[in-house]
Amino acid sequence: MRYESVIGLEVHAQIHTHTKMFCGCPVKEDTGDLEPNTYVCPICTAMPGVLPVVNQHAVEIAIKTGLALHCDIPPLSRFARKSYFYPDLPKGYQISQYALPLAVEGYLEIESNGQEKRIGIQRAHLEEDAGKLYHEDGVTRVDLNRAGVPLLEIVSEPDMRSAEEARAYGEALREILVYLGVNSGDMERGVMRFEANVSVRSAGSERFGARHEIKNLNSFRALYESIIYEIEHQVSVLEEGGQIEPQTMGWNEVDGVTVPQRGKEFAHDYRYFPEPDIPPLKTSREEVEALRNQLPELPKQKRARFTTQYGLSNYDATLLVEDKAVADYFERVVEAGVGAKQAANWITGEVFRLMKSADREMGISRIPAEALAELIKLVEEDTINQSTGKDVLTEMFNTGRRARDIVSERGLAQISDAAELNNIITRTVEENPEQVEEYLAGKKQVLGWFIGQVMRATRGKANPQLARELLEEQLEAKRG
């Protein structure tokens, strides 16, 4: 029997705000770096008699995200209490949204295996994060620094049919969230977490199978591999005549398997009811349109513009647009007077290589856009050759110095004087008669050997194109 997988994703994104969702405690993106229980107050630790106050900035960011995902923004939304008991949830409930979320019925267009597909967005809503538990030496410690941090939960429709589509959806959503400034998109810091709902059914069936929810996936690799495993596992169970029971699963990355954690919860298990301490949120059409006008150019539109305005290939445009900082950097380099293709080649090649070797994010702060443009112009003007340009860029990255200063101090300027090069080439040809005979006998690859000798004699400073032309002239002249 052929099977079809059905996949939906819930994405929790930490919202980059100065304070928590319902109190004035400051928020740091990576709470794990902080002294435990230092960014807390009576509200986020659930002391008796305290009242929550909604973070308006978080509401605005959530609405912008909903608009970027083509959602409707209802005029009325409200918070609810989601009841469950766990040591890192001090109130015994989480303030979330349920019946009346902030954004509904949107979509996100993805590309997977060369095909475009529209994935429905069921809802996007605000909630507060829980704390964190640390288990060591037989003791569990509770850190509430993260309790109350604003989260945006984005729930897709079950429209994905493969792990590839799920990964493409996650990557496309991360791009949008970073462009909107929701957070940095740094998965290792836990600012985005995935929960994948996976089921299988007979191909052609309209009925959904029992699903497994894989919790707390914090990388695209974990998302992809856990879904692959879960699909294969569920198919094998059905093939053997077994049944799939709804379950919440964890992902064991070391062994590459999903493991049962508990039975699957449903909405009624959480006993949702309206949060009595927070009045409903009212959003006027004027407010929605004002926030819509604040939306930046989003990745899909920027990719299209880079291909039309700058004539870049879709591949180059995609590489540049993946990170908003890189896309902005590219445009600043072009504005400094460099051709778009040359700028793209240097950024996606040498600049990316340097950032990767330094094991740092693509911040590009070590090489200002104007400094890279100056270096590219030195290469285009034949002041230095491409190889020397790469060496100069490395020094620029390591020291922060300008290209012209490095070239001048180290005497790296390219030799483009034909008379000077001709003297060097004449000497090289006269010292290597055997190679001259090989060239004249038709062994054209010897020309490359001669160019290597000239580059060695000039310590790499010869203009390679001019050197080739002059070499060919002198060698052909030997035919007499």
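In this structure, CD1 in I110 is found 11.0 Å from CD in Q115, a value given to the nearest 0.5 Å. Within the model, atoms OG of S226 and NZ of K215 stand 13.0 Å from one another, a figure rounded to the nearest 0.5 Å. D391 CG to E395 CD: the interatomic distance, rounded to the nearest 0.5 Å, is 9.0 Å. If you take CG on L320 and OH on Y315, they are separated by 10.5 Å, rounding to the nearest 0.5 Å. I121 contributes atom CD1, which lies 9.0 Å from atom CG of L9 (distance to the nearest 0.5 angstrom). Put simply, CG on D186 and CZ on R174 are 8.0 Å apart, with the number rounded to the nearest 0.5 Å.
Ion pair R167/E164 not flagged as a salt bridge, since none of the NZ, NE, NH1 or NH2 atoms sits closer than 4.0 Å to an Asp/Glu carboxylate oxygen. Note on E4 versus R161: salt bridge recorded, some NZ/NE/NH1/NH2 to OD/OE distance being below 4.0 Å. Using a 4.0 Å cut-off between a side-chain N of Lys or Arg and a carboxylate O of Asp or Glu, K300 and E175 do not qualify as a salt bridge. Salt-bridge annotation for K341 and D316: present, with a side-chain N of the basic residue lying under 4.0 Å from a carboxylate O of the acidic one.
Taking 4.5 Å as the limit, every side-chain heavy atom of I95 sits out of range of all side-chain heavy atoms of M21. With contacts defined as side-chain heavy-atom distances shorter than 4.5 Å, the pair Q234/Y3 does not qualify. Taking 4.5 Å as the limit, some side-chain heavy atom of F273 sits within range of a side-chain heavy atom of P276. Considering only heavy atoms from C-beta on, Q14 comes within 4.5 Å of V27 through its side chain. No side-chain heavy atom of N183 sits under 4.5 Å from any side-chain heavy atom of I15. At a threshold of 4.5 Å between non-hydrogen side-chain atoms, the residues T140 and P87 do not count as touching. The side-chain heavy atoms of Y93 and E275, taken from C-beta on, include a pair separated by under 4.5 Å. At least one side-chain heavy atom of V288 sits less than 4.5 Å from a side-chain heavy atom of R285.
Looking only at distances, a side-chain donor or acceptor of N252 sits under 3.5 Å from a matching main-chain atom of V254. Within the 3.5 Å criterion, the main-chain N or O of Y39 finds a donor-acceptor partner in the side chain of K20. Panel note: side chain N216, backbone G250; no donor-acceptor pair is recorded below 3.5 Å. Side chain of N55 to main chain of T19: a donor-acceptor pair is present (N/O by atom type, distance under 3.5 Å, no hydrogens or angles). No donor-acceptor distance shorter than 3.5 angstrom exists from the side chain of H233 to the backbone of I228, with no hydrogens or angles considered. Remark: side-chain polar atoms of E374 are paired, donor with acceptor, to backbone N or O of A403 under 3.5 angstrom. D137 places no side-chain N or O within 3.5 Å of a backbone atom of V139 that could act as its donor or acceptor partner. Using modelled atom types, no side-chain atom of K64 and backbone atom of L295 make a donor-acceptor pair closer than 3.5 Å. Using a distance-only test at 3.5 Å, with no hydrogens or angles considered, a donor-acceptor pair links the side chain of N37 to the main chain of L144. Under a 3.5 Å cut-off, the side chain of R78 and the backbone N or O of P280 do not form any donor-acceptor pair.
Counting heavy atoms of neighbouring residues, nucleotides and ligands inside a 6.0 Å radius, atom OH of Y84 exceeds 12 of them. The local environment of NE2 in H135 is crowded, with over 12 non-hydrogen atoms from other residues, nucleotides or ligands closer than 6.0 Å. Under a cut-off of 6.0 angstrom, the local environment of CD in E136 is crowded, with over 12 non-hydrogen atoms contributed by other residues, nucleotides or ligands. Crowding of Q243 atom CD: a count of heavy atoms from other residues, nucleotides or ligands under 6.0 Å not exceeding 12.
Sorted by first then second residue, the salt bridge (Lys or Arg N to Asp or Glu O under 4.0 Å) pairs that include residues 83-106, not counting sequence neighbours, are K91-E128.
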Give the C-alpha distance, both sets of side-chain angles, the deciding distance and a yes or no for side chain to side chain contact (heavy atoms under 4.5 Å, CB included) between L180 and I61.
CA-CA 8 Å; L180 291 173; I61 291 176; 6.0 Å; no
Between V54 and L126, is a side chain to side chain contact (heavy atoms under 4.5 Å, CB included) present by the stated rule, with each step listed?
CA-CA 10 Å; V54 175; L126 285 166; 5.8 Å; no
E225/R221 under salt bridge (charged side-chain N to carboxylate O under 4.0 Å, His left out): CA gap, chis, key distance, verdict:
CA-CA 6 Å; E225 292 183 352; R221 177 180 177 181; 3.2 Å; yes
Pair H12-E127, side chain to side chain contact (heavy atoms under 4.5 Å, CB included): steps then yes or no:
CA-CA 9 Å; H12 293 84; E127 62 186 23; 3.1 Å; yes
Could you walk me through whether R353 and E350 satisfy the salt bridge (charged side-chain N to carboxylate O under 4.0 Å, His left out) test, starting with their C-alpha distance in whole Å, then the side-chain angles of each, then the deciding distance to 0.1 Å, before giving a yes or no?
CA-CA 5 Å; R353 176 185 63 80; E350 292 305 304; 2.7 Å; yes
When you look at T348 and F330, which way does the side chain to side chain contact (heavy atoms under 4.5 Å, CB included) test go after all the steps?
CA-CA 10 Å; T348 60; F330 161 77; over 6 Å; no
Check against salt bridge (charged side-chain N to carboxylate O under 4.0 Å, His left out), R332 and D328:
CA-CA 6 Å; R332 291 199 302 274; D328 293 343; 5.4 Å; no
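Residues P101 and H125 come closest through the heavy atom pair CB-CB, 3.9 Å. For A103 against I73, the heavy-atom pair with the smallest separation is CB-CD1, 3.7 Å. Across all non-hydrogen atoms, the minimal contact from E206 to R201 is O-NH1, 3.4 Å. Scanning both residues, G389 and W346, for their nearest heavy atoms gives C-CH2, 3.8 Å. Taking every heavy atom of both residues into account, A336 and K377 meet most closely at O-NZ, 2.8 Å. Scanning all heavy atoms of the two residues, the minimum distance from V338 to A343 falls at CG1-N, 4.0 Å.
Ring orientation note: the planes of Y310 and F306 are nearly perpendicular, at an angle over 60° on the 30°/60° scale. Using bins of under 30°, 30° to 60° and over 60° for the plane-to-plane angle, the ring pair H70/Y107 lands in the parallel bin. Taking the six-membered ring where tryptophan is involved, the planes of Y272 and Y98 are essentially parallel, since the angle between them stays under 30° and well short of 60°.
For H57, the ring pair (Phe, Tyr, Trp, His ring centres under 6.0 Å) criterion is met by no residue, not counting sequence neighbours.
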